[in-house]
J.: 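Handing you a structure now.
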Amino acid sequence: MRKTFDAELLELNEELTAMARQAQDAIDVVTESLSTDDEQTAKAAIDMTASLDQMERDIEKICRCRTVRRARQPVARDLRAISAAMKMVTDLQRIGDQAANIAEISLLLSNHGEVKVPQDIGVMACKAGLMVRQAISAYTGRDVETAHAVINLDDEVDDLFRQGKGELIDQVAANRDEADLSIDFIIIAKYLERIADHAVNIAQWAIFCVTGQL
């Protein structure tokens, strides 16, 4: 029974890693779509996020399987890993939703032709994607130090959001003709900030797995 339990725990880690990789890939693709007028790239990002829903269901199935429920005397860390995974898939699925929302805006931006993406948004996207990957790595490796690094990185994303939003608001006031475009970028920046927040949630659950403390 214990060997089967360990095998399913390993499968759980692999599925979570795959889901995180898919979420990060979606972030990368949707960021690329912002700087081009290629609708297919934005649509590809939407398709990628759609698969996250099925991944979420698959992971929940692993967590609820009979072997996990009936494991004899599972240690506390095992139970924490399972309960954390159930929470983390929700955050990963919501990260997918945020990426899909950005892709929808990207489709609208394609009507403007090629647009220049504000530098802060590009940096935010890179950092948010990195946070997602590292947060899952912290969980699978039971690495508290990496989890804390993810949490600290969120401050940088927040600073970029505030700075970028301020600049875009100034652009709205200075150029009314381009106001809609600037507002779209503000919304995109907010979605990226929320993705980083979900990565922080995952990192906090990774810490919980090791320490038992929220």
Side-chain angles (χ1 to χ4, degrees), residues 19-38 41-42 45-46 48-49 52 88 90-110 112 114-139 143-176 178-207:
M19 189 174 182
R21 187 179 299 114
Q22 181 80 343
Q24 185 186 14
D25 288 346
I27 295 170
D28 292 341
V29 171
V30 76
T31 302
E32 177 187 349
S33 74
L34 290 173
S35 58
T36 69
D37 58 356
D38 182 8
T41 304
I46 295 173
M48 292 170 71
T49 60
L52 292 174
M88 290 160 61
T90 300
D91 280 298
L92 285 170
Q93 194 273 333
R94 288 176 179 172
I95 286 171
D97 287 344
Q98 305 290 352
N101 290 337
I102 295 173
E104 294 287 354
I105 296 176
S106 180
L107 287 173
L108 296 176
L109 293 179
S110 66
H112 293 268
E114 187 170 344
V115 297
K116 182 179 180 180
V117 179
Q119 183 177 2
D120 288 338
I121 287 181
V123 177
M124 283 182 70
C126 290
K127 289 183 181 293
L130 175 64
M131 289 172 68
V132 173
R133 184 176 72 249
Q134 289 188 337
I136 289 296
S137 177
Y139 168 80
D143 187 344
V144 172
E145 184 176 349
T146 297
H148 280 298
V150 171
I151 295 170
N152 292 335
L153 193 56
D154 186 52
D155 290 337
E156 297 181 23
V157 174
D158 288 342
D159 288 342
L160 286 166
F161 172 68
R162 285 190 290 269
Q163 177 179 319
K165 183 177 70 172
E167 292 174 355
L168 288 165
I169 289 174
D170 289 342
Q171 290 179 21
V172 170
N175 188 349
R176 294 293 181 180
E178 297 294 330
D180 289 345
L181 182 60
S182 297
I183 291 171
D184 284 339
F185 279 129
I186 291 174
I187 296 171
I188 288 170
K190 184 60 181 177
Y191 285 142
L192 289 170
E193 192 244 358
R194 290 297 301 143
I195 288 173
D197 287 342
H198 288 301
V200 168
N201 290 345
I202 294 170
Q204 290 173 336
W205 283 111
I207 295 172

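Here, residue 1 is the first one in the sequence, and each next residue gets the next number.
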J.: Nearest 0.5 Å please: distance from the OG1 atom of T31 over to the CD1 atom of I188.
T.: 9.0 Å
J.: Going by the rule salt bridge (charged side-chain N to carboxylate O under 4.0 Å, His left out), which residues pair with R162 if we only count those two or more places apart in sequence or in a different chain?
T.: D159
J.: Is there a donor-acceptor contact under 3.5 Å linking the side chains of S33 and T41?
T.: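 The criterion, which ignores hydrogens and geometry beyond distance, is not satisfied for T41 and S33.
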J.: Backbone N or O of R133 within a donor-acceptor pair of the S137 side chain at under 3.5 Å?
T.: no
J.: Given the rule in the side chain to side chain contact (heavy atoms under 4.5 Å, CB included) test, do V150 and N201 qualify, once you have shown the distances and angles that lead to the verdict?
T.: CA-CA 10 Å; V150 171; N201 290 345; over 6 Å; no
J.: Could you walk me through whether I169 and I186 pass the side chain to side chain contact (heavy atoms under 4.5 Å, CB included) test, one step at a time?
T.: CA-CA 8 Å; I169 289 174; I186 291 174; 4.0 Å; yes
J.: Test: salt bridge (charged side-chain N to carboxylate O under 4.0 Å, His left out). Region: residues 185-201. Which pairs qualify, not counting sequence neighbours?
T.: K190-E193, R194-D197
J.: Return yes if some donor-acceptor pair links the side-chain N/O of T146 with the main-chain N/O of D143 below 3.5 Å, else return no.
T.: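 Answer holds: no.
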J.: CG of L130 to CG of L153: how many Å apart, nearest 0.5 Å?
T.: 6.0 Å
J.: Supply the atom-to-atom distance R94 CZ to I195 CD1, rounded to the nearest 0.5 angstrom.
T.: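 Reported to 0.5 Å precision, the distance equals 13.5 Å.
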J.: What's the verdict on side chain to side chain contact (heavy atoms under 4.5 Å, CB included) for Q24 and I95, showing C-alpha distance, side-chain angles and the deciding distance?
T.: CA-CA 9 Å; Q24 185 186 14; I95 286 171; over 6 Å; no
J.: Using side chain to side chain donor-acceptor pair (under 3.5 Å) as the criterion, point out the one residue from D91, D97, T90 that pairs with H198.
T.: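 Exactly one option meets the side chain to side chain donor-acceptor pair (under 3.5 Å) with H198, and it is D91.
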J.: Under the side chain to side chain contact (heavy atoms under 4.5 Å, CB included) rule, what do I105 and N101 come out as? Steps first, then yes or no, please.
T.: CA-CA 7 Å; I105 296 176; N101 290 337; 5.8 Å; no
J.: May I ask you to decide if H148's main-chain N or O and N152's side chain share a donor-acceptor pair within less than 3.5 Å?
T.: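 Checked: pair present.
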J.: When the side chains of residues 117-129 are checked against the rest of the protein, which donor-acceptor pairs come out under 3.5 Å, sequence neighbours left out?
T.:
from: D120; atom 1: OD2; to: Q163; atom 2: NE2; distance (Å): 3.4
from: K127; atom 1: NZ; to: E156; atom 2: OE1; distance (Å): 2.8

